[in-house]
Structure formats: C-alpha cells, structure tokens
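I have placed the structure first, in the form of structure tokens, so that the comments after it can refer back to it.
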Amino acid sequence: MLLEQIANAGIVGCGGAGFPTAAKYQTQAEYFIINAAECEPLLKTDHYIMNHYAKECVQAIAEVGALLQAQHIVIATKAYYTKEINALENAIAELKVPVSVFKMENFYPAGDEQTMVFEVTGRTVPPAGIPINVGCVVSNIATMLNVYQAKSGNKVTRKFLTITGAVKEPKILDVPIGTSFAECLALAGGATIDDFMFINGGPMMGRVGTMADFAEQVVTKTTSGIIITEKRDFIYELFEKDMGQVITKARSSCIQCRLCTELCPRYQIGHPIHPHRVMRHLAITDPAEIDDDPIWQEALLCCECGICEVVACPMGLMPRQVNKFVKQRLAEKGVRYQRKENLELTVSTMRDYQKVPPKKIILKDGLKEYVDLKVENCVAYEPASVKIPLKMHIGAPTEAVVQIGDTIQIGDLIGQKPETALGANIHASINGIVTAIAPDSITIERKAG
Ligand code: SF4
Ligand code: SF4
C-alpha cells in the first residue's frame with residue numbers, strides 16, 4: 001500500500017540525481033538511513049524541513065523502515081545541528097517510534113551516500129556498488145516529507161529550496177515544480193549585482209551557469225537551492241574550463257604529491273581510486289587512446305565531490321574534471337567498471353584526521369561573505385504559469401498524456417513513465433490550461449478567475 005502510494009505520487013530522491021523512490025524500496029534492508037546532513041555549504045533547505053516538519057518526516061521514516069523490515073532506522077545528521085536534532089528527537093519521543101539520530105562531525109562530504117553508510121555502519125559499499133550491497137537503504141530527509149504527503153494521496157507538485165548568495169533577501173521558497181528561476185530570484189528581492197552567475201545546487205556539486213542560462217532554468221523535483229554569485233575566480237574557472245588546457249596543465253604540472261588521493265573520501269573508505277595515478281596516466285597516454293586499462297577504470301569510482309580540485313591540489317589542477325573526462329570517454333566506448341573478486345578494501349588510517357571542514361571550501365570558492373546570511377523565513381508562491389520538465393529523475397523520460405487546451409488540476413497526471421521502465425510519473429503543479437507541449441516539457445498557465 002505505502003509502496004503504491006509512493007509510486008503514484010511520483011516521488012524521486014530529493015537529495016541527488018532523482019532515483020525513483022518506489023524502485024529503491026522494493027527490497028529488505030538491515031539499515032534504513034536518512035541523509036539529513038545537508039553537507040553542501042550555504043544550503044538550508046533540509047534544515048528548514050527538519051525544523052518545521054520533523055514529526056511528519058519521522059512518521060514517514062518509521063513507516064518506510066517497517067516496510068523495509070529494517071533492524072536499524074537511523075537519521076544521520078551533523079552534531080552541531082542542535083536545533084534540528086532537538087526537533088527530530090522530540091518527534092521521535094512523541095511518536096514513540098524505533099528511530100534514532102546518528103550525530104556526525106562537521107565535514108564535507110558527510111552527505112555522500114557511501115561516506116554516510118561508512119560513518120553509520122563501519123561498512124564500505126563495494127566499488128561501483130550501492131548501499132543495499134551492505135544491507136543499507138539511504139534516503140534524503142526531504143524525500144521523507146514527500147512520502148508523508150503521499151500517504152494522503154498528494155503527488156509531488158511543490159519544492160522547498162534555498163535561494164541565497166548575492167540576493168537582497170535570502171530565504172527558503174516553497175514553489176510549484178516548474179516555477180522559473182527568474183521568479184525565484186524576484187521572490188528574494190532580486191540580485192545585488194548586475195552581472196551574476198548562479199549555482200543550481202550547492203557550491204561543490206551544483207551546476208554552474210551564467211545569466212544567459214538563468215532564464216531557461218526551472219525548479220524540478222531535485223532542485224535544492226539556487227546560489228547567486230559574482231564571477232569568482234575559482235567557480236568561473238571551473239565553468240569556463242577548456243578541457244584541452246585542463247589536460248595540458250595536468251600533464252605539465254602534476255607533482256604527484258598524492259594529496260588528491262589522500263583526501264579523496266572514496267579512497268578513504270577503501271575504494272581502489274587514486275586520482276594521482278589517473279593524472280600520471282594522462283601524462284603518458286594520448287586521451288584518444290583511453291581504454292579499459294584498470295587505471296582509467298578507477299575514474300569510474302569518482303563521485304565528483306570536488307575535494308581533490310577545490311581543497312587538495314596545491315598546483316591548482318582539476319583531477320575531478322579529468323575523471324569526468326575519462327568517464328565520458330569510457331562511456332562512449334561502453335567500458336564499465338570491472339569488479340575484482342575478493343578485493344580487500346583497506347580503510348585509510350588517516351581518515352579521521354583528514355576530514356575536510358566546509359569552511360575550507362567556502363574560503364576557496366570565495367563565498368565567505370554569504371556564510372552568515374540568515375536563511376530562515378519561508379515564502380510560499382503561486383506563479384501564473386509553470387514549465388514542467390518531462391524528465392526529473394534517473395530512468396526513462398515520461399510521455400505527455402495531456403493535450404494542448406486541456407484543463408487540469410493540481411496533481412493530475414501529465415507525464416507517464418513507460419510501464420516497465422525505471423522512472424517516475426509527473427503531475428500538474430498548478431490548476432490551469434496546458435498551453436504548450438515540447439519534447440521535454442509541458443507548460444501550464446493558470447486559469448483566470
Ligand atoms: S572528485 Fe576527487 S576527491 Fe571526490 S571522489 Fe572524485 S577523485 Fe575523489
Ligand atoms: S594533488 Fe594535484 S599535484 Fe598532487 S598528485 Fe594530485 S593532481 Fe597532482
């Protein structure tokens with residue numbers, strides 16, 4: 001019943017790439033872990049949800065934990081989120097449910113799924129594996145609010161998100177899916193600078209874009225935040241990068257100090273990933289000849305957290321971009337990671353001493369002035385129109401099941417996933433009339449009166 005409600009609501013993971021939640025829950029697990037770390041600096045969306053919807057989230061967490069027959073139901077968050085922990089623990093006590101709070105140190109990327117599994121259980125997810133391989137299912141706290149709402153038949157039609165950075169009034173927004181970023185910016189009082197760039201998501205793993213791209217952006221099921229920023233050296237360099245130059249610099253300037261490897265969170269939990277080796281390999285190989293060599297395959301284990309290039313490298317090189325480049329070449333050649341049987345996974349003995357404080361990231365990214373901005377108030381908004389993407393998840397795109405001119409209500413099905421494919425249905429986020437259907441989106445305009 002609960003699984004069906006989750007599938008009907010079109011729920012996907014709010015914290016990452018949008019894996020369809022109903023598909024994830026078709027299993028049993030020893031641990032059900034809730035990712036409540038919100039480890040990307042500046043974002044406050046999950047903080048808001050924990051502070052204002054703790055009881056709803058805890059109720060849903062307990063029910064999904066029971067569905068998975070989990071022996072341990074754990075909310076993993078950072079110890080210094082004292083207000084949020086208080087709200088969660090009060091909700092747990094009030095509901096009398098077998099849920100506990102696991103308190104982590106303040107480091108990045110505490111919210112990386114595999115890092116979190118290691119922190120909570122001491123187990124390393126196998127290279128190129130997923131948490132269920134070690135008995136765990138992990139979901140984001142915001143996803144649990146959607147699960148709670150799905151129990152009353154509500155579909156995923158709205159999104160909480162943070163808008164912060166160079167804006168007049170940073171805040172949390174509660175908007176329908178498909179609301180334009182331009183309207184979100186207006187709700188924050190507009191930008192404080194004329195020529196800005198933006199980050200869709202957090203400073204480390206978000207997608208960076210310029211004002212020219214901004215007008216095209218809309219809120220999706222996975223939008224967690226919008227950060228408006230100046231054209232800062234490092235962020236802009238990443239955005240503007242020329243892969244030819246990145247490779248040339250990697251070949252000429254890598255001093256093989258290994259810092260990128262030592263600080264890599266996946267290396268630290270025992271994965272055979274050594275970005276310094278990939279960099280070295282690049283120096284002696286023509287990029288066109290990237291093949292299934294085991295060293296190139298290591299790039300497939302990279303979660304693209306960015307620590308190697310934002311924090312570790314003393315030469316200003318970009319191992320993450322190199323890994324992304326290698327991954328693309330391997331994907332083109334159909335090369336997948338070859339797991340090795342009985343591979344011993346050795347956890348770094350230095351791991352506890354090498355955790356990266358978020359402050360270091362903020363300093364490098366030049367975002368320090370935004371750290372102390374208060375992002376607490378929430379504004380709910382109803383736009384005159386929305387443009388809803390037909391794919392906001394991992395899996396097959398949905399197919400439009402409405403026609404131009406149709407009158408529809410919030411929650412009506414507008415995009416249906418192919419029956420047997422991985423995916424999630426998409427629903428109308430406002431009452432109105434369908435005014436445009438493109439291959440990748442449906443536009444709805446609010447009905448007058
Ligand atoms: S981005 Fe760098 S630090 Fe992060 S997982 Fe990849 S190689 Fe490791
Ligand atoms: S940290 Fe930089 S210089 Fe050192 S090995 Fe890695 S890429 Fe090379």
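Hydrogens, waters and symmetry mates play no part in the numbers below; they use all other heavy atoms, side chains included. From a predicted model like this one, the values you see are computed outputs, not experimental measurements. Whatever order the structure lists ligands and atoms in, that order sets their numbers, starting from 1.
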Practice problem: State, with a plain yes or no, whether a side-chain heavy atom of Glu304 is found less than 4.5 Å away from one of Asn323. | Solution: no
Quiz item: Within a strict 4.5 Å, meaning less than it, do heavy atoms of the Val137 and Lys24 side chains meet?
Solution: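 Sidechains of Lys24 and Val137: in contact.
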Within the 3.5 Å criterion, strictly below it, is a donor on [X] or [Y] matched to an acceptor on the partner's side chain?
X      : Y      : answer
Glu332 : Gln328 : no
Thr261 : His276 : yes
Lys78  : Asn106 : yes
Ser139 : Tyr25  : yes

Please state which part of [X] comes within less than 4.0 Å of ligand 1, counting heavy atoms only: side chain, backbone, both or neither.
X      : answer
Asn323 : side chain
Cys308 : both
Glu309 : neither

Quiz item: Is ligand 1 less than 4.0 angstrom away from at least one heavy atom of Pro265?
Solution: yes
Quiz item: Of all the heavy atoms in Pro319, does at least one lie under 4.0 Å from an atom in ligand 1?
Solution: no
Tell me: protein heavy atom nearest [atom], and distance?
atom                    : value
atom 3 (S) of ligand 2  : Ile255 N, 3.5 Å
atom 4 (Fe) of ligand 1 : Cys305 SG, 2.4 Å
atom 5 (S) of ligand 1  : Cys303 N, 3.5 Å
atom 2 (Fe) of ligand 2 : Cys313 SG, 2.3 Å
atom 1 (S) of ligand 1  : Gly306 N, 3.2 Å

Quiz prompt | Partner of Glu298 by salt bridge (charged side-chain N to carboxylate O under 4.0 Å, His left out), out of Arg280, Arg266, Arg277, Lys340 | solution = Arg277
Quiz item: Which of these passes salt bridge (charged side-chain N to carboxylate O under 4.0 Å, His left out) with Arg351: Glu105, Glu262, Glu119?
Solution: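 Of the listed options, the one satisfying the test is Glu119.
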Exercise. Would you please classify the geometry between the Tyr53 ring and the Phe160 ring as parallel, tilted or perpendicular, with 30° and 60° separating the classes?
Key: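 Answer is tilted, since the angle falls between 30° and 60°.
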Self-check item: Parallel, tilted or perpendicular: ring planes of Phe196 versus Phe214, cut at 30 and 60 degrees
Solution: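 It falls in the perpendicular class, over 60°.
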Could you list the atoms of ligand 2 found under 4.0 angstrom from a heavy atom of [X]?
X      : answer
Met279 : 7 (S)
Gln256 : 5 (S), 8 (Fe)
Met315 : 3 (S)
Arg258 : 4 (Fe), 5 (S)
His276 : 5 (S)

Self-check item: Which atom of Cys308 lies closest to which atom of Pro319, heavy atoms considered
Solution: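 Smallest heavy-atom distance, with atoms named: SG-CB, 3.7 Å.
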Practice problem: Taking only heavy atoms of Glu304 into account, list the atoms of ligand 1 that are under 4.0 Å away from them. | Solution: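 Heavy-atom distances to Glu304 below 4.0 Å select 1 (S), 6 (Fe).
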Exercise. Indicate if the distance from atom 6 (Fe) of ligand 1 to the nearest N, O or S atom of Cys264 falls below 2.8 Å.
Key: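 False for Cys264.
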Quiz item: Counting heavy atoms only, which of Gly316, Ala312, Pro314, Cys260 is nearest atom 6 (Fe) of ligand 2?
Solution: Cys260
Quiz item: Relative to atom 8 (Fe) of ligand 2, which among Cys254, Cys257, Ala250 owns the nearest non-hydrogen atom?
Solution: Cys254
